[in-house]
Amino acid sequence: AAPDRMPAKRRGEADARALLRKFGRALDSDDSPTRVRRPGGSGLAAVRSAVAATPSATAPTSWVAAWGLVPHLPALKKSGPRRSARATPAAVSFRGSIASVACGPAGVVVVSEEGNAVAAPAEGGRRKIGCRAQSAAVGETVALLLNDSCLYAVDPSRDAPRNGSWERPRRLDPFAGAPPFAQARFITGIACGTNHCLARSSCGAVFAWGAGDAGQLGDDDGHDITRANPTAVVFPSDYEPCEKGALSAGAHHSALVDGAGALWTWGWTEHGRLGRDSVEEDEDDGRVAGTPGIASLPGGGECVDVSCGAAHTIVVDTNGFVSGCGWNEWGQAIGRMNTTSVWHLTPVRFKAPFSAIRVACGLGHSIAVDAQGHAKSWGFGEDGQLGHGRESEKSAPVDVDLSKAGLRNGPACVASIACGGSASVAVVAEAVGSDLEELRRRRLCIRRVALYLQALHRGQRARRFYGEMREEELQ
């Protein structure tokens, strides 16, 4: 029979089946893992049976939430013609599920699980990056993109379609001029400071380039050194090379974690940002300490993550303890404003037990995230970069409030965090674990199909069936 001559119930069931196939659900497909028998009754009965069979995979599983001075956020306090401050995290729409995010003074780079990358420059707008990427790093005058073994550089000030712009990244070869054994290696980690870059290779070698006037390139000479090409950093003999590990760059200093869990720092010593015992506390003006040295963690633990702010450093060890050193004018280094300079790594005090697994630093604020996706922030917050709902300084650690971020359904958790300048950006996931993820997808499919069928059934009846299906899922 023609579709327009079918009874209303049969026509509703046919439309429901067509929509479910569009969502990736085949009700009577022979190649389906579980064969679903044709249900009787109305189209909503078919929807109920189909949803109970298999999950939908159309909805993104992770997305971006941002707060502070970030482009394209709903304005709560105007700070310029193209930038607005927001004190609570807000969802930012990007296509697909998000794998990683990078943030810096030049803007934000978002990388999807499919490898597509989009840049949101600080001056506004969105620009599609002309290469696939797995991770990114953003500084003030440069951004890096890493795709498999290929490393690309971007000058954020260049317009398309110039070489080196977001649309046409310039490919770098860190191994040019390196020993022959390094030719077969590839890059595994990247970091951008204000005007310098770092890269780690699979053989454990670390490369640096850019501005090096403060020793941040690993050279004690300092004094207006600028390197246009990646150059290997020379470490002392007790350095343990490793393929992967935390790597970070600040305004005038650098830090990384080696294979033994030791924290290595080098660069400018002002405010004690290096956290090394060899730096004297009376060096108010700072000096160049370009040779990498070990910074001892409180309690002698092994470092698992490190992040460099403008002039402070935050680390987390294997026990989940968070420590900091350096510039502390707003408490961004240690979570309390008892001194403006912290010369050695000092524990950050939390009001309740908190075991962190990753950290991130901005210009004057810091954020730590635990294994459950809960985030705490401290430091300067007058631009809303702490994410606790108030634009004010808050030296003590506070919870980042994700409840008003406009996220999908249910509680949200932070999967990845990045900070830069006065902005904070996070990859946010709604479900933790496969069971919750399946429940969320099934619930989303039910909602879409129920709304679709309201054109064929009375609204009250559709809402009643929708409520019944949700109750069944929640049981």
Side-chain angles (χ1 to χ4, degrees), residues 137 139 189-200 204-222 225 231-242 245-281 283 286-317 321-328 332-334 341-348 358-361 366:
I190 54 177
C192 283
T194 300
N195 295 304
H196 75 288
C197 303
L198 301 175
R200 186 199 294 267
V206 178
F207 298 88
W209 66 99
D213 55 330
Q216 61 266 48
L217 301 184
D219 194 328
D220 264 327
D221 293 339
I225 289 180
T231 305
V233 178
V234 179
F235 287 86
S237 58
D238 51 349
Y239 170 73
E240 291 288 342
C242 67
L247 184 70
S248 185
H252 297 96
H253 71 298
S254 306
L256 64 82
V257 180
D258 70 1
L263 174 65
W264 293 81
T265 60
W266 62 94
W268 194 244
T269 65
E270 187 181 12
H271 297 297
R273 68 191 76 183
L274 302 185
R276 285 157 48 174
D277 296 334
S278 60
V279 177
E280 299 295 335
E281 296 186 13
E283 296 176 357
R287 63 177 177 85
V288 173
T291 301
I294 294 179
S296 301
L297 273 64
E302 296 181 0
C303 185
V304 296
D305 195 18
V306 59
S307 180
C308 297
H312 72 289
T313 305
I314 300 294
V315 302
V316 58
D317 63 16
F321 297 144
V322 181
S323 306
C325 62
W327 187 31
N328 193 56
Q332 66 266 37
I334 58 175
S341 299
V342 180
W343 293 90
H344 305 280
L345 287 169
T346 304
V348 178
R358 62 179 63 92
V359 289
C361 294
S366 307

Distance from [X] atom [atom1] to [Y] atom [atom2], nearest 0.5 Å?
| X | Y | atom1 | atom2 | answer |
| --- | --- | --- | --- | --- |
| Ile294 | Leu274 | CD1 | CG | 13.5 Å |
| Leu198 | Leu247 | CG | CG | 5.0 Å |
| Ser307 | Arg358 | OG | CZ | 12.5 Å |
| Cys325 | Leu263 | SG | CG | 8.0 Å |
| Asp258 | Cys303 | CG | SG | 9.5 Å |
| Leu256 | Arg200 | CG | CZ | 5.0 Å |

For the residue pair [X] and [Y], what are the closest heavy atoms and their distance?
| X | Y | result |
| --- | --- | --- |
| Thr269 | Ala289 | CG2-CB, 3.7 Å |
| Pro347 | Ser323 | CA-OG, 3.9 Å |
| Ala191 | Ala249 | CB-N, 4.1 Å |
| Gln216 | Asp213 | NE2-OD1, 3.6 Å |
| Ser254 | His196 | OG-NE2, 2.9 Å |
| Cys308 | Ser248 | N-OG, 2.8 Å |

>> Checking Cys361 against Gln332 for the side chain to side chain contact (heavy atoms under 4.5 Å, CB included) test, could you report, in this order, the C-alpha distance in whole Å, the side-chain angles of both residues, the deciding distance, and whether it holds?
In response: CA-CA 9 Å; Cys361 294; Gln332 66 266 37; over 6 Å; no
>> Val257 vs Val304, test: side chain to side chain contact (heavy atoms under 4.5 Å, CB included). Steps then yes/no.
In response: CA-CA 7 Å; Val257 180; Val304 296; over 6 Å; no
Are side-chain heavy atoms of [X] and [Y] found at a separation under 4.5 Å?
| X | Y | value |
| --- | --- | --- |
| Trp268 | Arg273 | yes |
| Pro241 | Phe235 | no |
| Asn328 | Ile334 | yes |

> Would you say Asp305's side chain and Val316's backbone share a donor-acceptor pair under 3.5 angstrom?
Replying inline: no
> Do Trp264 and Asp238 pass the side chain to side chain contact (heavy atoms under 4.5 Å, CB included) test, and can you show the C-alpha distance, the side-chain angles, and the key distance before you say yes or no?
Replying inline: CA-CA 11 Å; Trp264 293 81; Asp238 51 349; 3.2 Å; yes
> Quick one: side-chain hydrogen bond (donor to acceptor under 3.5 Å, both in side chains) partners of Trp266, sequence neighbours excluded?
Replying inline: none
>> One pair to check against side chain to side chain contact (heavy atoms under 4.5 Å, CB included): His253 and Thr265. What are the steps and the verdict?
In response: CA-CA 7 Å; His253 71 298; Thr265 60; 5.8 Å; no
